[in-house]
Every structure is written in structure tokens, then in C-alpha cells.
2 protein chains.
Amino acid sequence: MVQRQFAPAAPPAKRPRGRPRKTAGERDEGNRRPALIRAAARLFRRKGFAATTTRDIAAAAGMQSGSPFYHFKSKASLLAAVMEEGMRAALARQALALPGNADPASALRRLIRSHFDTLHAPGADFVPVMLYEWRSLNARQRTAIASLQREYEAAWVGPLEALAANGRLRAPVPIARLLIFGALNWSVQWFDPRRSASLDDVTDAAMELFIHPELP
Amino acid sequence: MVQRQFAPAAPPAKRPRGRPRKTAGERDEGNRRPALIRAAARLFRRKGFAATTTRDIAAAAGMQSGSPFYHFKSKASLLAAVMEEGMRAALARQALALPGNADPASALRRLIRSHFDTLHAPGADFVPVMLYEWRSLNARQRTAIASLQREYEAAWVGPLEALAANGRLRAPVPIARLLIFGALNWSVQWFDPRRSASLDDVTDAAMELFIHPELP
DNA sequence: CCTACCGATCGGTAGG
DNA sequence: CCTACCGATCGGTAGG
């Protein structure tokens, strides 16, 4: 939403016929934008926002140094686009992971597993960038992305409160939610898919750590 | 240790007598170095390493733009000094928090509370900088600080293993330790001393979340 | 520790 | 989307 004003307008029609495979009047329009976002996400994650140059990003997307600014008003707006794309993908993944009829414990397990996928699936640099570059956004950009985050977090409250009511989660839910997200998000610092523990293993460990056994 | 080569050598003895209050032959030597480290820590935390300029740091320490390089070989070596100072303070605090005779649960509680102090005490920017700017260090700098981190983390293993043996911690200790550190470290993103929950409240919540009730 | 400075780089833009 | 470029800034250094 915050990026609307940068949506690709109709490009200058220099070759009106386009390339053979394209419908007449429709060109590659805007297809380079996702490539820029992907390249930026990877570089922002590896080197950080401030240490990444727009020239790095352009080169990774196969462009010349000034070309990113045809698609994005500024470097910061590229960062915001990365984060928005990350949150949209995370919300979509979360919706798929949550069937309506799950009991609270298995709902929480699915949320955790889905969250780990969002953080660690191959090429999933978008949300980690959001977690580490929040301060590089201006106030307006933060507002837009914060509302996506609230939506994402809202799905966790129901299962957590149900588990608290059952006595299987003993900490106050608001603080517990923050601590749990911290435990999961911090995995971007240490999780290595080539090591022994898999994401399923880590999900099991998280459930064992946070959720107490059911009382008979 | 990694910073040894930058320790202030005897400064050029331009005013051999020094100022009145000083012993002859001893000047302010090196007293500006801590001020630089403090200023750098605050700025690195607020704006990030790459977005902070050495001019910012110099100004915050009341110096001219080139002067930090009299005390530190490079901007990165200033970052390493910030992190080392943070780990030394954290280790000292941890040692004070741990009496030898505590049971595992209260030992863990003290470790958690001490860790929160290290992260959130007024002016405690050093360790948060370490948590967020690890990638800005080169390999040699990482090695030096990693050994301090290992020492710090080692103190947690005993209590955690004892609690696992008692059935009060159900997840595998190595993964549990990573998840717990994540939950605590993430608090730098959300903890606000002016809000309702105090560090004692958050410590209580963390213990309730991770440690299951003692079986009678 | 200051003064004066350098070489390199960076985000962004005009014009096509 | 490329070419050519600008103004500003940055880490770092020489010399005192």
C-alpha cells in the first residue's frame, strides 16, 4: 500500500510491437520489479541495508547503476517493498497452515512450523530483513508494515489463550507471545539446514519448551 | 585481546609537566578511549554500524573528525572494542549474580535476571550492539569475541541440565538453550522500561514459560 | 589530538 | 532502462 505511487507506469513505447511471444500492446511491464526486490532482499540480508549499495542491487538484477530508480523512488522504498512482500508471503503461508478445526496445541505447532518456513525456506530472505532492518524505515513505512504484522500475530492469540486456560501455558499471554516470537525469530542467527536438527526437530523442541504436558 | 595493538602508546610528550593535578610524567593517557567506546556503542545501537560515521562518533566524544583514528586503527576495530567491553561487563555481572549454592531453578532465574540487566540497564548498549552487528566483524575479531561468548554461555549449561534431569525442562538442552537465549535477546526489540512490565515481571514470565512445575 | 586533505564511493537525477 | 554525471559524504592519513 505504501508503495503504490511507485507502481510501474506504462513504459515508454519504443518498440511498439514488443517481442514475438507477447500480446500486442503488452510488454514485459514491471517484470523487472520482482527481480529487483529479490536481489535487494538477498543483499540486505547478507550485508545489511546501509552496507548494501544500489549499485550492488542493480548488478544482481542485471541492470545498470541508475536503473533501480526507474522502479523505486529511493533505496528505502525498495527496503519497504522487500518487507511488504515478506509479510504478504508469510500471511499466505500462515493461512494455508491453519485448518479451522485444530485443537490449540496442534494449531500452535502448525503456526510455529509455518513461521520457521517463512524464516528458513530457501530464498526466504524477506522476513529476516524485516526483523533486522526495522529502524531503517521511516515512520510512514513502518505504519504500513506494522498493520500486516498485527494481522500476522493475531492468529497466535487464540491458541495461546486456549492453552493458558488449560494450564498448559503458564506465563501471561502477552509476555509469553513476545518471548515465544523472540525464541523463534532468533533462529535466523543460528539455524543451519546443513546441521543435524531439522525444522521439525526445532519445532518439537519449541513445543516441549513452551507447552506443559496435558494433565490427565 | 584483539585490540591490544591499538592500546594507546605513550602520547607525544609535548607538555612534559602536564596539568597541575597530575603526577609528573603521567597525563590523561588513554582516558578518551573509554569515551569513544561509549559514544560508539550508543550510536551503533541507535543507527547501526554502517549508518554511523566516524565523524558522528568523534563529535559525540567531543573530538574532531580525524581524532578517533589516533585511538583506533579503524572503524571496525572500534566496533570490536565495543563488543569486547560489553562481554567483559556481562561476564562480571554474571559472576556476581551466581552464588555457588543455588538450586538449579533459582540459579537459572538469576542468570536470566542478570542477562536482562546486561541488555537493558541504562547505557547498556554494548551487548545489544554485539547481537545486531556480528556480521560487521571480520573473522579474527569474531574469534576473539566468540570465546568470551562461549564462557558466558557455559554458565547456563549446568542449571539447564539439572532442570532437564528433574523433568522441569523437557526440550533437549542444546536446542533449549538457543531458544531461551533467543527469547531473552529479542527483548531488545520490545522491552520498554517506561511500560508496565518490569524486568522482574519479564523474568517471572520467562521462568513460567520455560520451566515446568516441580513434581511433588 | 587538531588541521587539512585525498581518493573513493554513494544515492540520486537529467535527458534520452 | 541506459549514459553520463553531480553534489555530498565517508574512512582514513600526513604532518605537526
Side-chain angles (χ1 to χ4, degrees), chain A residues 5-16 18-19 22 27-37 39-40 43-44 47-81 133 136-138 141, chain B residues 5-16 18-19 22 26-37 39-40 43-44 47-81 133 136-138:
Chain A
Q5 68 268 35
F6 310 137
K14 278 179 80 178
R15 287 179 282 173
R19 300 190 189 112
K22 297 280 167 190
R27 289 199 30 254
D28 258 351
E29 109 150 9
N31 280 2
R32 306 298 298 143
R33 198 181 147 94
L36 274 172
I37 295 180
L43 289 163
F44 288 160
K47 314 185 4 173
F49 173 73
T52 300
T53 70
T54 56
R55 283 163 169 82
D56 290 339
I57 298 167
M63 298 175 182
Q64 297 302 316
S65 67
S67 301
F69 296 97
Y70 172 74
H71 297 278
F72 292 92
K73 182 181 153 201
S74 66
K75 187 186 174 189
S77 75
L78 231 179
L79 175 63
E133 298 294 347
S136 301
L137 295 181
N138 64 39
Q141 294 166 327
Chain B
Q5 68 268 34
F6 309 137
K14 279 178 82 178
R15 288 178 284 176
R19 302 186 188 115
K22 298 280 168 191
E26 270 257 299
R27 291 206 20 260
D28 258 352
E29 107 152 11
N31 279 3
R32 305 299 297 143
R33 197 182 148 94
L36 274 172
I37 295 180
L43 289 163
F44 288 161
K47 313 184 8 170
F49 174 73
T52 300
T53 69
T54 56
R55 283 164 170 82
D56 290 340
I57 298 167
M63 297 176 183
Q64 297 302 316
S65 67
S67 302
F69 297 98
Y70 171 75
H71 298 278
F72 293 91
K73 183 180 152 203
S74 66
K75 186 185 174 189
S77 76
L78 232 179
L79 175 63
E133 298 294 348
S136 301
L137 295 180
N138 66 39

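Computed over heavy atoms, backbone and side chain alike; hydrogens, waters and symmetry mates excluded. In what follows, every chain begins at residue 1, and chains take the letters A, B, ... in the order their sequences are listed.
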Novice: Starting at atom CG of A:Leu43, determine the distance to atom P of C:dG11, rounded to an integer number of angstrom.
Specialist: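 After rounding, the reported distance stands at 12 Å.
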Novice: Contact class for B:Thr53 vs. all strands (heavy atom < 4.0 Å): base, sugar-phosphate, or nothing?
Specialist: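 Sugar-phosphate, no base atom in range.
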Novice: Grab the CG-P distance between B:Leu78 and D:dC10 for me, whole Å please.
Specialist: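 Between P of D:dC10 and CG of B:Leu78: 16 Å.
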Novice: Once you round it to whole Å, what is the distance between P of D:dT13 and OH of B:Tyr70?
Specialist: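 From B:Tyr70 OH to D:dT13 P: 16 Å.
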Novice: Let me confirm one number: the CG-CD1 distance from A:Leu36 to A:Ile57, rounded to the nearest 0.5 Å.
Specialist: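 It comes to 8.0 Å.
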Novice: Does the side chain of B:Gln64 get closer than 4.0 angstrom to OP1 or OP2 of C:dC1 through an N or O atom?
Specialist: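 For B:Gln64, the contact criterion (side-chain N or O under 4.0 Å from OP1 or OP2 of C:dC1) is not met.
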Novice: Within the side chain of A:Arg32, is there an N or O that forms a donor-acceptor pair under 3.5 Å with the backbone of A:Ala61?
Specialist: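 Such a contact is found between A:Arg32 side chain and A:Ala61 backbone.
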Novice: Under the side chain to side chain contact (heavy atoms under 4.5 Å, CB included) criterion, do B:Lys47 and B:Asp56 qualify, and how do the steps go?
Specialist: CA-CA 11 Å; B:Lys47 313 184 8 170; B:Asp56 290 340; 3.1 Å; yes
Novice: What is the distance, to the nearest angstrom, from the NZ atom on A:Lys47 to the C1' atom on C:dT9?
Specialist: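 Rounding to the nearest Å, NZ of A:Lys47 and C1' of C:dT9 are 12 Å apart.
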Novice: How far does CZ of A:Arg55 sit from CE of A:Met63, to the nearest 0.5 angstrom?
Specialist: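 Rounded to the nearest 0.5 Å, the CZ-CE separation comes to 15.0 Å.
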Novice: By nearest atom, which of the nucleotides D:dC2, D:dC10, D:dC5 is closest to the B:Arg55 side chain?
Specialist: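 The answer is D:dC10, which lies nearest to the side chain.
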Novice: How long is the straight-line distance from OG1 of A:Thr54 back to CG of A:Leu43, given to the nearest 0.5 Å?
Specialist: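 Reported to 0.5 Å precision, the distance equals 11.0 Å.
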Novice: Report the C-alpha distance between A:Lys75 and A:Leu78 in whole Å, list the side-chain angles of each, state the deciding distance to 0.1 Å, and finish with yes or no for side chain to side chain contact (heavy atoms under 4.5 Å, CB included).
Specialist: CA-CA 5 Å; A:Lys75 187 186 174 189; A:Leu78 231 179; 5.6 Å; no
Novice: Nearest whole angstrom, please: distance from the C1' of C:dC2 to the NE2 of B:His71.
Specialist: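 From B:His71 NE2 to C:dC2 C1': 11 Å.
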Novice: Stems involving DNA chain C: give each as a range paired with a range, ordered by first number, where a stem means at least three consecutive Watson-Crick or G-U wobble pairs under 3.5 Å.
Specialist: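 The stems that DNA chain C takes part in, listed by first number, are C:1-16 with D:1-16.
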Novice: What's the closest nucleotide to the B:Lys75 side chain, out of D:dG12, C:dC1, D:dC1?
Specialist: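 For B:Lys75, the side-chain atoms sit closest to D:dG12.
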Novice: Counting side-chain heavy atoms from C-beta on, which of D:dC2, C:dC2, C:dG12 comes nearest to A:Ser65?
Specialist: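 Shortest atom-to-atom distance from the side chain points to C:dG12.
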Novice: I'd like to know if the side chain of A:Gln141 reaches the main chain of A:Ala80, judged simply by a donor and an acceptor atom lying under 3.5 Å from each other, with no hydrogens or angles considered.
Specialist: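 Answer holds: no.
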Novice: How many whole angstroms separate atom CG of A:Leu79 from atom P of C:dG12?
Specialist: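 Those two atoms, CG and P, are 12 Å apart.
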Novice: Which nucleotide sits closest to the side chain of B:Thr54: D:dG11, D:dC1, D:dG12?
Specialist: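 Selected nucleotide: D:dG11.
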Novice: Tell me the interatomic distance from A:Phe49, atom CZ, to C:dC10, atom P, rounded to whole angstroms.
Specialist: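 So the CZ-P distance, A:Phe49 to C:dC10, works out to 13 Å.
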Novice: Which residue lies toward the 5' end of DNA chain D, B:Gly66 or A:Leu36, if each is placed at its nearest nucleotide?
Specialist: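 With B:Gly66 and A:Leu36 compared, the 5'-side residue is A:Leu36.
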Novice: So if I take every side-chain heavy atom of B:Phe69 and compare against D:dT13, C:dG12, C:dC2, which nucleotide ends up nearest?
Specialist: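 Among the listed nucleotides, the one closest to the side chain of B:Phe69 is D:dT13.
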